[in-house]
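In what follows, a structure is listed as structure tokens, so that the remarks can point back to it.
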Amino acid sequence: MTAQTIELESQLDAIRQEAQAAIADTETLDQLEQLRVKYLGKKGPIPQVLGGMGKLDPADRPRIGARANEVKEAIQGDLDRKRTALQSAQIQARLESEAIDVTMPGVFRPQGRVHPLNGTIDQVLDIFVGMGYTVAEGPEMETDYYNFEALNFLPDHPARDMQDTLYLPDGNLLRTHTSTVQIRYMENNDPPIRIAVPGRVYRRDTVDATHSAVFNQIEILAIDEGLTFTDLKGTIKVFLQEMFGDLPIRFRPSFFPFTEPSAEVDVKWKGRWLEILGCGMVDPNVLKAVGYDPEIYTGFAAGFGVERLAMVMHQIDDIRRLYSSDLRFLNQF
Ligand code: DAH
């Protein structure tokens with residue numbers, strides 16, 4: 001073996017060692033690729049060394065060729081192992097940075113809920129819709145005719161005093177009850193009629209724990225041939241049973257201009273009689289006002305305040321809580 005052969009061998013070994021150290025120091029895949037080009041590329045050091053083989057003893061050439069291949073394979077092996085290591089380090093880093101901590105508190109969105117007044121209205125309407133009633137509505141701004149006159153309130157009748165209202169500059173008024181919709185609906189529809197009417201009403205009342213100048217009512221109207229007080233009583237009984245359960249109820253004689261006879265209905269709730277609603281057989285004068293023949297058609301009506309009902313059912317002590325939008329109160333429903 002000649003000194004030249006030994007020299008080439010040691011050059012190859014030096015390349016191998018230099019590459020090994022450089023690869024070990026690499027931190028990125030890009031750098032690694034640069035090293036691959038540098039050590040194994042066509043312009044790399046190994047072909048250069050092999051270029052010097054022409055001066056060798058021909059017997060030594062295979063030896064150097066074999067050694068060059070060993071070195072190439074060793075460098076290739078180092079590159080492959082390093083690439084695998086860098087790739088898995090990269091995946092590991094990504095897993096750590098993108099990890100989802102399922103125990104971390106989520107983004108809190110408070111859940112909305114139905115206001116107790118709307119909940120009560122829904123409950124009442126569900127019961128009447130279940131008995132075949134249709135939901136109807138009417139305007140809050142009304143004329144004297146719909147609010148009073150057509151409902152058989154005579155111009156100077158003292159019953160008007162119980163429902164003092166707010167008059168608008170044009171002579172119209174804010175309706176004091178949802179009974180207005182009885183007239184409006186009957187004017188536009190023929191019997192048989194079964195309607196349930198939710199709506200906001202107004203009174204010139206001083207606000208206190210049980211009074212509000214704006215509140216909600218639900219009105220019931222049924223008109224047909226042959227309806228009697230028995231039908232009224234049965235309907236009210238079913239409604240109150242659905243609402244309160246099987247509690248004692250009583251009908252007390254009362255007066256409303258638009259019903260004859262009229263009654264008020266109480267429910268015995270926690271040992272006390274609670275006045276829940278007004279009702280009665282529709283007065284023939286009301287039927288005449290909308291052009292129905294009272295000899296053919298009869299009917300019954302009922303009306304009540306939603307706030308009162310909600311307050312009884314949920315044991316709410318002050319009506320103003322229902323309008324205050326205080327979440328500490330509303331979250332209880
Ligand atoms: N409109 C009455 C009020 O606001 C309530 C009422 C009583 C309605 C008797 C009716 C009824 O339909 O028959 O005080």
Side-chain angles (χ1 to χ4, degrees), residues 121 124-125 128 133-140 142 144-154 157-166 173-186 193-205 210-224 227-237 239-240 249-267 274-287 289-290 292 294 297-309 319:
I121 292 169
V124 172
L125 294 182
F128 281 100
Y133 284 67
T134 301
V135 176
E137 286 178 306
E140 292 174 24
E142 267 298 5
D144 184 272
Y145 179 76
Y146 286 108
N147 199 77
F148 294 120
E149 200 179 322
L151 287 164
N152 202 33
F153 286 80
L154 299 175
H157 197 285
R160 288 193 175 213
D161 294 348
M162 287 157 40
Q163 300 195 3
D164 195 7
T165 185
L166 302 151
L173 49 83
L174 295 177
R175 68 178 177 192
T176 58
H177 51 184
T178 45
S179 304
T180 52
V181 185
Q182 291 190 23
I183 306 298
R184 288 185 171 275
Y185 194 86
M186 286 192 286
I193 284 171
R194 303 273 189 282
I195 52 168
V197 183
R200 202 174 288 156
V201 302
Y202 303 80
R203 299 274 170 101
R204 238 189 81 180
D205 269 341
T210 54
H211 293 86
S212 167
V214 185
F215 61 102
N216 292 270
Q217 284 190 336
I218 295 177
E219 186 87 9
I220 306 303
L221 175 69
I223 306 284
D224 211 335
L227 285 182
T228 67
F229 199 88
T230 315
D231 299 304
L232 165 61
K233 213 170 166 180
T235 303
I236 297 297
K237 203 171 158 185
F239 163 59
L240 292 176
I249 62 174
R250 72 179 180 193
F251 282 67
R252 270 185 297 108
S254 183
F255 173 81
F256 301 101
F258 39 90
T259 47
E260 180 60 33
S262 304
E264 279 176 82
V265 181
D266 306 335
V267 169
L274 289 167
E275 192 185 311
I276 298 294
L277 56 83
C279 63
M281 299 307 291
V282 176
D283 194 290
N285 284 342
V286 172
L287 297 175
V290 297
Y292 288 3
Y297 297 109
T298 55
F300 58 83
F304 53 87
V306 177
E307 279 79 351
R308 255 205 81 109
L309 209 58
I319 196 170

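Ligands are counted one by one from 1 in listed order, and the atoms in each one are counted from 1 as well.
- Here is the list of ligand 1 atoms found below 4.0 Å of a heavy atom in Gln182: 12 (O).
- Applying the side chain to side chain donor-acceptor pair (under 3.5 Å) criterion to Thr259, with sequence neighbours excluded, gives Ser262.
- Proximity of Ala302 to ligand 1, defined as any heavy-atom pair under 4.0 Å, is confined to the backbone N, CA, C and O atoms.
- Ring centroid separation for the pair Phe239 and Tyr133 does not come in under the 6.0 Å cut-off.
- With ligand atoms numbered from 1 in the order given, ligand 1 contributes 3 (C), 4 (O), 14 (O) to contacts under 4.0 Å with heavy atoms of Arg203.
- When only interatomic distances are considered, the shortest N/O to N/O separation between Gln217 and ligand 1 falls below 3.5 Å.
- The aromatic ring centroids of Phe256 and His177 lie 6.0 Å or more from each other.
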(request) Let me see the working for Thr228 and Thr298 under side chain to side chain contact (heavy atoms under 4.5 Å, CB included), right down to the final yes or no. (result) CA-CA 7 Å; Thr228 67; Thr298 55; 5.9 Å; no

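- Ring geometry for Phe148 against Phe153 counts as perpendicular: the plane angle is over 60°, on a 0 to 90° scale with 30° as the lower cut.
- When only non-hydrogen protein atoms are considered, atom 3 (C) of ligand 1 lies nearest to Gln163 NE2, 3.5 Å.
- Using a 4.0 Å cut-off to heavy atoms of Ser179, the atoms of ligand 1 that qualify are 1 (N), 8 (C).
- Short contacts between ligand 1 and Thr259, defined as distances under 4.0 Å to a heavy atom of the residue, involve ligand atoms 13 (O).
- If you check which protein heavy atom lies closest to atom 12 (O) of ligand 1, you get Glu219 OE2, 2.7 Å.
- Given atom 2 (C) of ligand 1, the protein heavy atom at minimum distance is Phe258 CZ, 3.9 Å.
- Here the straight-line distance linking atom CE of Met281 with atom CG of Asp231 works out to 7.0 Å at 0.5 Å rounding.
- Short contacts between ligand 1 and Gly280, defined as distances under 4.0 Å to a heavy atom of the residue, involve ligand atoms 13 (O).
- Closest non-hydrogen pair, Ser212 versus Asp205, comes out as O-CB, 4.3 Å.
- Residue-ligand proximity, Gly278 to ligand 1, at heavy-atom distances under 4.0 Å covers atoms 7 (C), 9 (C), 11 (C).
- For atom 13 (O) of ligand 1, the nearest non-hydrogen atom from the set Gly305, Ala263, Ala301 belongs to Ala301.
- A cation-pi arrangement, defined by a distance under 6.0 Å to the six-membered ring centre and an angle within 45 degrees of its axis, is present between Arg184 and Tyr146.
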